[in-house]
Amino acid sequence: MSKDIIVLTDAVLLTCIVQRGAGEAVVDAALQAGAQGATSFFARGTGVRQRHLGVLGITISDEKEIVYVVVPSDQADYVFEKLYFTAKLDTPGMGIMYMTELEKLATYIPPEIAAKLEGS
Amino acid sequence: MGFRLRYGNLLSHIRLRQRVISFNDLVRAETSGRRRYRLRKIDYYRLLAPYFGARTREQVLNVLPVVAALALFQVFLLRTPLDGAATIGLGIATIVLGLMFFLDGIKLGLMPLSENIGFGLPSRSATSVVLGVSFVLGVLATLAEPAIGALQAAGKLIVRAEAPLLHGLLNDYSIALVGAVAVGVGAAVVLANLRYLYNIRLKTLVILTLVPALAMTGYLAGDPLLAPVLGLAWDCGAITTGPVTVPLMLAIGIGLSCAAGREDNPLSGFGIVTLASLFPVIAVMTLGLIVAGNGAPVAATVKELSAPGWYDDPAVAAAIGAVRAVVPLILFLLFVQRFVLRAPLSDRTRVYYGLAAALVGMVMFNLGLAFGLSPLGSQAGEHLPSAFVVTSGVGEALYPYWIGLVLVLVFAFLVGFGATMAEPALSAMGVTVETLTDGAFPRRLLIRTVAFGVAAGMAVGVTKILFHVSIAALLLPAYGIALALTVFSKEEYVNLAWDSAGVTTGPVTVPLVLAFGLGLGEAVGAAEGFGVLAMASVGPIISVLAVGKWIDWMVERKITAEETEMA
């Protein structure tokens with residue numbers, strides 16, 4: 001008896017690190033832009049901009065929120081751009097975002113759709 | 001088949017114009033170049049708005065309920081307009097801003113420094129040095145406590161002829177008084193740290209401290225000259241445990257208990273607050289005895305009034321008071337950091353900003369206290385009796401005697417309840433307790449129990465002033481009950497109950513209640529208006545211990561019921 005699983009390719013991970021409290025807006029924006037889901041968790045961290053802001057750096061909290069969004073590579077740039085402006089990354093100290101290509105992805109795939117796609 | 005275009009490539013071309021820079025180049029360029037950013041206006045807004053917005057909202061929620069309750073009560077039920085409403089409003093706004101800066105300053109400036117001391121000192125120095133440093137820190141933290149300023153303001157409301165010793169303590173000996181309170185807290189901190197090191201049970205310490213305190217209370221109550229000091233002494237216990245002392249002491253305590261090798265003692269955080277509120281009581285009573293022994297205040301020495309200089313202006317005085325309160329603490333912390341720990345500060349800008357913010361915040365808080373909270377509290381207190389008795393200001397009582405009296409007591413109850421529910425420290429404590437008791441003592445139940453205790457205590461305290469009841473007659477039975485319950489309760493409930501008394505009396509509630517009590521006392525011709533805070537502190541001890549007993553009983557009954565079912 002052989003069990004086979006379906007893996008997906010052409011997936012991209014967007015990781016967006018913002019200050020705690022700003023994560024929700026990022027998640028909402030990702031879903032709005034067509035992402036299928038988003039995961040967020042809390043962390044601590046500082047960056048170079050935060051330190052170089054001088055006294056203004058006080059306003060930036062060490063407590064961060066990290067948002068993971070996995071999107072198909074076709075949508076990646078679009079979502080990336082949306083998140084950039086939602087997270088206000090054009091202001092120093094607001095956070096950082098990066099995109100990584102994923103080698104493989106696996107999750108539930110509706111069997112009838114899988115059959116259709118594999119056939120083509 | 002024709003030409004195939006990938007959809008993603010198309011999208012990236014029509015939507016985005018990404019310019020590409022190598023990260024390598026960026027870092028290279030930035031490390032050599034200048035490091036100031038040219039910020040746009042929107043950047044300032046984005047940086048500052050969330051920071052100030054969140055903090056202001058927090059303080060407004062903290063301050064507003066109590067202030068609104070007092071003001072509305074006076075305007076609608078006592079039908080007296082607020083005197084100088086604009087000044088009071090401005091004062092309250094200053095308090096909100098001041099608290100915001102001050103608490104932020106504590107978090108960014110004072111806390112990191114004292115955490116360093118807590119973690120670094122025990123491993124580098126002998127125990128005696130650690131205890132010495134924590135004693136000095138306890139003393140200085142008390143002096144920096146915002147509510148301590150309220151004590152001096154309160155002194156001016158005491159009539160010398162009726163309570164000469166009390167008047168003397170608050171005016172001629174005010175420095176000695178504050179000093180006694182501070183030394184009391186310092187001693188308490190040393191004892192609490194010894195408790196961490198040697199694992200002494202809090203129950204033992206509470207009994208050892210409370211019994212002499214009650215004995216002294218009984219002795220002082222017998223002497224007509226000394227009796228008025230009692231209310232002040234017990235109120236001082238509530239004043240000391242505020243937003244500076246508690247976190248600072250906890251930071252050191254946690255460091256010490258880690259150093260002592262008992263990291264996961266769940267109770268290590270508790271207890272220090274309790275001792276810090278009992279020791280000053282004893283210290284103030286002792287001071288009262290000493291001053292009375294010298295016989296100074298009875299001789300009613302009228303001081304020569306010098307011409308009021310610029311430093312007598314209330315605004316300047318508030319600012320000077322604030323500087324005098326905070327600067328020694330800051331200097332001491334920096335001194336220990338520099339010369340005892342000999343470690344450089346990490347993240348200097350942040351710490352220095354924090355220290356500056358603490359100073360500015362304290363100045364603003366003191367100003368707001370002088371112009372906003374104190375007048376508001378004493379006004380409400382003065383007008384309160386007119387609800388049911390004839391006073392000099394009003395021709396006849398506003399309401400029939402009993403209705404008016406009930407109204408006043410209900411009001412005192414509600415103010416106590418509301419102020420306690422809004423106290424942020426309490427909800428933080430509730431979470432800890434829920435975890436420690438595995439959900440047997442739910443967070444909401446704790447908050448309500450404490451709020452009920454404070455509220456009932458305030459109502460009793462107001463009754464004391466209205467009917468000229470001796471404070472000892474109320475304190476001795478109340479603390480007697482608390483003591484009895486303490487003896488028969490589990491250690492964790494003892495920790496909890498005694499600490500909740502200190503947690504509830506925050507920097508807004510204390511000055512307001514103090515001024516309210518004194519105004520009320522003046523209006524009904526009582527010798528002194530102290531004691532409301534003292535009653536509001538013992539209330540939650542009793543209520544929490546009682547609820548703790550009740551929970552134990554419920555749990556036991558459930559277990560027995562299950563066992564019978566099984567059999």
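The chains referred to below are lettered A, B, ... by the order of the sequence lines, with proteins before strands, and numbering in each begins at 1. In this text the structure is predicted, and so the values were computed from the model without any measurement.
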Between A/Thr91 and B/Arg40, which heavy-atom pair has the shortest distance, and what is it?
-> OG1-NH2, 3.9 Å
Could you tell me which non-hydrogen atom of B/Leu47 sits nearest to which non-hydrogen atom of A/Met94, and how far apart they are?
-> CD2-CE, 3.8 Å
Can you tell me how far the OH atom of B/Tyr45 sits from the NZ atom of A/Lys88, to the nearest 0.5 Å?
-> 7.5 Å
Look up atom CZ in B/Phe52 and atom OG1 in A/Thr59, then write down how far apart they are to the nearest 0.5 Å.
-> 8.0 Å
Would one find more than 12 heavy atoms of other residues, nucleotides or ligands at under 6.0 Å from atom [atom1] of [X]?
| X | atom1 | value |
| --- | --- | --- |
| A/Glu112 | CD | yes |
| A/Phe41 | CZ | yes |
| B/Leu26 | CG | yes |
| A/Ile96 | CD1 | no |
| A/Lys64 | NZ | yes |

Examine whether an atom of B/Tyr352 lies under 4.5 Å from a heavy atom of chain A, and if so say whether it belongs to the side chain, the backbone or both; otherwise answer neither.
-> neither
Full working for side chain to side chain contact (heavy atoms under 4.5 Å, CB included) between A/Asp90 and B/Arg46 = CA-CA 10 Å; A/Asp90 51 338; B/Arg46 284 173 180 176; 2.9 Å; yes
